[in-house]
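Below is one structure, written out as structure tokens, with a few remarks after it.
Chain letters run A, B, ... following the sequence lines, proteins first and then strands; every chain starts at 1.
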2 protein chains.
Amino acid sequence: MSPRPKIGLDLTTILETAGVLADQQGIQEITLANLAKKLGIRPPSLYNHFDGLPGLRKKLAIYGIDMLYSRMADAAIGVSGTEAVLAVSQAYVNLAREHPGVYEATLLAPDPEDVDVQQAGEKIVELSVRILQAYHLEGASALHAVRGLRSILHGFSALEQRGGFKMALDLDESLMIIIKAFLAGFAGDSLTTPE
Amino acid sequence: MSPRPKIGLDLTTILETAGVLADQQGIQEITLANLAKKLGIRPPSLYNHFDGLPGLRKKLAIYGIDMLYSRMADAAIGVSGTEAVLAVSQAYVNLAREHPGVYEATLLAPDPEDVDVQQAGEKIVELSVRILQAYHLEGASALHAVRGLRSILHGFSALEQRGGFKMALDLDESLMIIIKAFLAGFAGDSLTTPE
DNA sequence: TGACTTAACTAATATCATTAGTTAAAATAA
DNA sequence: TTATTTTAACTAATGATATTAGTTAAGTCA
């Protein structure tokens, strides 16, 4: 009866659409029903492109991690030292602000241990290691520092997103001060001195 | 036909059960169907105790925030300065580890701006302010510091929970080093010196 | 042209949250 | 004690969802 045009969707289009949906409506609105409606197809048709809702969540997680990495890598171009860390940090929280749904999806993979997900995340870890190398941290210290930086960035982004910071105090200023303090403390000798 | 005993559930029992369910099965398994089954009642009966799934999520969020606060407050007894911050930090991540589902629920309220939720969270902010007062930070600085500490603690807990730290490196050691670095950097003069 | 692959579809099922209306147990008032 | 009210359970029904199975037609390629 009605025409059944073969739209010819590809995965990229679907993920972009899902990303817009997540950013605009919230991550909990990413359902096969909603996504299908936005794409103009019926829910079962989506199974031709990924393996159900868990499959979509995994692909969207990787999509988000890649996007986050590319923003961070971009921000790291042509800068070094503290300036680099600050620039990358700002890029990180900016992505989380501009694409809250996609950012949230970043940590929403059904199985965080999944090889593909881990692999995507490793690039971010490696980038972090590199920009922190300017501080000449020894082996283990460098890893602790990476964990700290990532904790600050994710914690700050997540809390900002959920309205955790309600004081009338500039958010970007907070972030810069926090990162600077963290870096200064790490570069200092306070860690090696016994208390 | 079958006996219909009036169990006489109260909200506390329900929330405790929901907390166990969340910790054991994961937050996504908190459904009215699962909770009702675990309580030995039918799903619609739950509506006598809270206002649907959103109502449960809100109450569980507050339940978790209160639990988190009490652990933190406990850890703050009899200590001060850096020792206090470290103890409270350790208590924070310990709660997230022991009760991953309840901790996650902490930030899962349907409306984070809800008065009751905000009120529960304020106690944690106030406690943080108090343990950071030992550093004699001026007005705005104190608030930036609170944001930083909370970012580190939430970021660290969330990333640890989702397998974000896969290096073979002691997690508690990372946390202590990170907090110490942050505190040292904040207490130092590096913030006021122009770059 | 003809065979194959693919991306859409319909139909059906199971699970879930939710609402409406019911009932009996418990608590309270007379 | 008895009568009334409140409460916490229930059944039944609805709508939304994910998912599976099987179907169809458009596009691709030999």
Round to the nearest Å and state the distance from [X] atom [atom1] to [N] atom [atom2].
{"X": "A:Leu11", "N": "C:dA8", "atom1": "CG", "atom2": "C1'", "answer": "16 Å"}
{"X": "A:Gln28", "N": "D:dT17", "atom1": "CD", "atom2": "P", "answer": "13 Å"}
{"X": "B:Leu9", "N": "C:dA26", "atom1": "CG", "atom2": "P", "answer": "13 Å"}

Please name all residues satisfying side-chain contact (heavy atoms from CB on, under 4.5 Å) with [X], sequence neighbours left out, ordered by chain then number.
{"X": "A:Gln118", "value": "A:Glu113, B:Lys166"}
{"X": "B:Tyr135", "value": "B:Thr82, B:Val85, B:Leu132, B:Leu137, B:Leu183, B:Ala187"}
{"X": "B:Ala33", "value": "B:Thr31"}

(message) How about CZ on A:Arg130, more than 12 heavy atoms from neighbouring residues, nucleotides or ligands closer than 6.0 Å, or not?
(response) no
For nucleotides 28-30 of chain D, list the nitrogen or oxygen atoms of the protein found under 3.5 Å from its nitrogen or oxygen atoms, one pair per line.
none

(request) Keeping to residues at least two apart or across chains, list the ring pair (Phe, Tyr, Trp, His ring centres under 6.0 Å) pairs with something in residues 50-100 of chain B. (result) B:Tyr92-B:Tyr103
(request) Go through residues 31-55 of chain B and report each residue with a non-hydrogen atom lying under 4.0 Å from DNA chain D, sorted by number. (result) B:Ile41, B:Arg42, B:Pro44, B:Ser45, B:Asn48, B:His49
Is any NZ, NE, NH1 or NH2 atom of the basic residue among [X] and [Y] found under 4.0 Å from an Asp or Glu carboxylate oxygen of the other?
{"X": "B:Glu29", "Y": "B:Lys38", "value": "no"}
{"X": "A:Arg147", "Y": "B:Glu160", "value": "no"}
{"X": "A:Asp111", "Y": "B:Arg162", "value": "no"}

